[in-house]
Novice: 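One structure coming up, written as structure tokens, with questions to follow.
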Amino acid sequence: QVQLVESGGGLVQPGGSLKLSCAASGYAYIFGDYIMGWYRQPPGKQRELVAEITAGGSLNYADSVRGRFAISRDNANKMVYLQMNALKPEDTAVYYCNLGRRHWGQGTQVTVSS
């Protein structure tokens, strides 16, 4: 049973920064072999990809966050991170961690508002 637990969400002013963390546990596979991603679901909208990092370290970002957000991973500790800078109100959403494009965390709320 895969478990993904996100943390680091909260309320931040426009232009501010947050760092999200995701801890993976509860499975027998090698964490480093899997693509990891962050997705988000804004209020009233569908879930969308924010950023991905492959097993080999290749990165993929949504156009809306490229240059402001950075995804990284720590395979030894089974962690994935999302550093979010220059946040905008339109970044407000529930952010979800994903493992292998199959398993989801419970989500963490990010609200960007003055």
Side-chain angles (χ1 to χ4, degrees):
Q1 183 74 17
V2 174
Q3 291 183 326
L4 300 171
V5 179
E6 300 98 335
S7 61
L11 173 64
V12 63
Q13 292 187 341
S17 298
L18 282 176
K19 185 175 184 178
L20 304 183
S21 300
C22 173
S25 64
Y27 63 100
Y29 305 103
I30 299 173
F31 176 83
D33 287 348
Y34 289 85
I35 189 168
M36 296 297 299
W38 285 96
Y39 291 71
R40 68 186 181 187
Q41 187 164 14
K45 297 184 179 180
Q46 292 186 331
R47 193 174 298 188
E48 61 186 12
L49 174 68
V50 176
E52 285 184 317
I53 181 167
T54 70
S58 296
L59 307 176
N60 179 38
Y61 293 99
D63 289 344
S64 59
V65 307
R66 188 174 291 110
R68 300 187 297 123
F69 290 11
I71 188 171
S72 61
R73 65 191 297 164
D74 176 354
N75 290 336
N77 292 299
K78 301 177 183 177
M79 297 288 295
V80 63
Y81 304 98
L82 184 68
Q83 177 66 48
M84 305 186 294
N85 300 323
L87 283 161
K88 304 175 181 180
E90 52 262 44
D91 294 318
T92 294
V94 179
Y95 284 71
Y96 296 91
C97 178
N98 180 279
L99 184 151
R101 293 177 177 163
R102 289 184 59 189
H103 302 284
W104 296 95
Q106 83 289 350
T108 186
Q109 177 71 46
V110 172
T111 301
V112 185
S113 175
S114 55

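Residue numbers count from 1 along this sequence.
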Novice: Do Val65 and Tyr96 share a hydrophobic cluster (ILVMFWY, side-chain heavy atoms under 4.5 Å, transitive)?
Specialist: no
Novice: With side chain to side chain contact (heavy atoms under 4.5 Å, CB included) as the test, would you mind laying out the steps for Phe31 and Met36 before giving the verdict?
Specialist: CA-CA 9 Å; Phe31 176 83; Met36 296 297 299; 3.7 Å; yes
Novice: So with a 6.0 Å cut-off around CD of Gln46, is the heavy-atom count from everything else above 12?
Specialist: no
Novice: My understanding is that only residues two or more places apart in sequence, or in another chain, count here; which of them pass salt bridge (Lys or Arg N to Asp or Glu O under 4.0 Å) with Glu6?
Specialist: none
Novice: I'd like to know if the side chain of Arg73 and the backbone of Ile35 have a donor-acceptor N/O pair within less than 3.5 Å.
Specialist: no
Novice: Do you reckon Trp38 sits in the same ILVMFWY cluster as Leu59, going by side-chain contacts under 4.5 Å, direct or chained?
Specialist: yes
Novice: Assess whether a salt bridge exists between Arg66 and Asp63, defined as any Lys/Arg side-chain N lying under 4.0 Å from an Asp/Glu carboxylate O.
Specialist: yes
Novice: Carefully, step by step, assess Leu87 and Gln13 under the rule side chain to side chain contact (heavy atoms under 4.5 Å, CB included).
Specialist: CA-CA 8 Å; Leu87 283 161; Gln13 292 187 341; over 6 Å; no
Novice: Where is the tightest heavy-atom contact between Thr111 and Gln109, given as atom of each residue plus distance?
Specialist: OG1-NE2, 3.3 Å
Novice: Would you say Tyr81 and Asp74 make side-chain contact, with heavy atoms under 4.5 Å?
Specialist: yes
Novice: If I compare all heavy atoms of Gly32 with all of Ala55, which pair ends up nearest, and what's the gap?
Specialist: O-CB, 3.1 Å
Novice: To the nearest 0.5 Å, tell me how far Asn75 CG sits from Met79 CE.
Specialist: 12.0 Å
Novice: Val112 versus Glu90: any side-chain heavy-atom pair under 4.5 Å?
Specialist: no
Novice: Side chain to side chain contact (heavy atoms under 4.5 Å, CB included) for Ser113 and Leu11? Distances and angles first, verdict last.
Specialist: CA-CA 7 Å; Ser113 175; Leu11 173 64; 4.2 Å; yes
Novice: Quick check on the hydrophobic clustering: are Val94 and Leu4 connected, directly or via other members, by side-chain heavy-atom contacts under 4.5 Å?
Specialist: no
Novice: Find out whether Gln83 and Ser17 are in side-chain contact, i.e. whether some heavy atom of one side chain is under 4.5 Å from a heavy atom of the other.
Specialist: yes
Novice: Step by step, work out the side chain to side chain contact (heavy atoms under 4.5 Å, CB included) result for Ile71 and Tyr61.
Specialist: CA-CA 9 Å; Ile71 188 171; Tyr61 293 99; 3.6 Å; yes
Novice: Which atoms form the tightest heavy-atom contact between Pro42 and Glu48, and what is the distance?
Specialist: CG-OE2, 4.3 Å
Novice: What distance do Cys97 atom SG and Gln3 atom CD have between them, rounded to the nearest 0.5 Å?
Specialist: 12.5 Å
Novice: Aromatic rings Tyr39 and Trp104: how do their planes relate, parallel, tilted or perpendicular, breaks at 30° and 60°?
Specialist: perpendicular
Novice: Which one of Asn85, Asp91, Leu20, Leu18 satisfies the side chain to side chain contact (heavy atoms under 4.5 Å, CB included) criterion with Phe69?
Specialist: Asp91
Novice: So, do Ser64 and Lys88 sit near enough that their side-chain heavy atoms are less than 4.5 Å apart?
Specialist: no
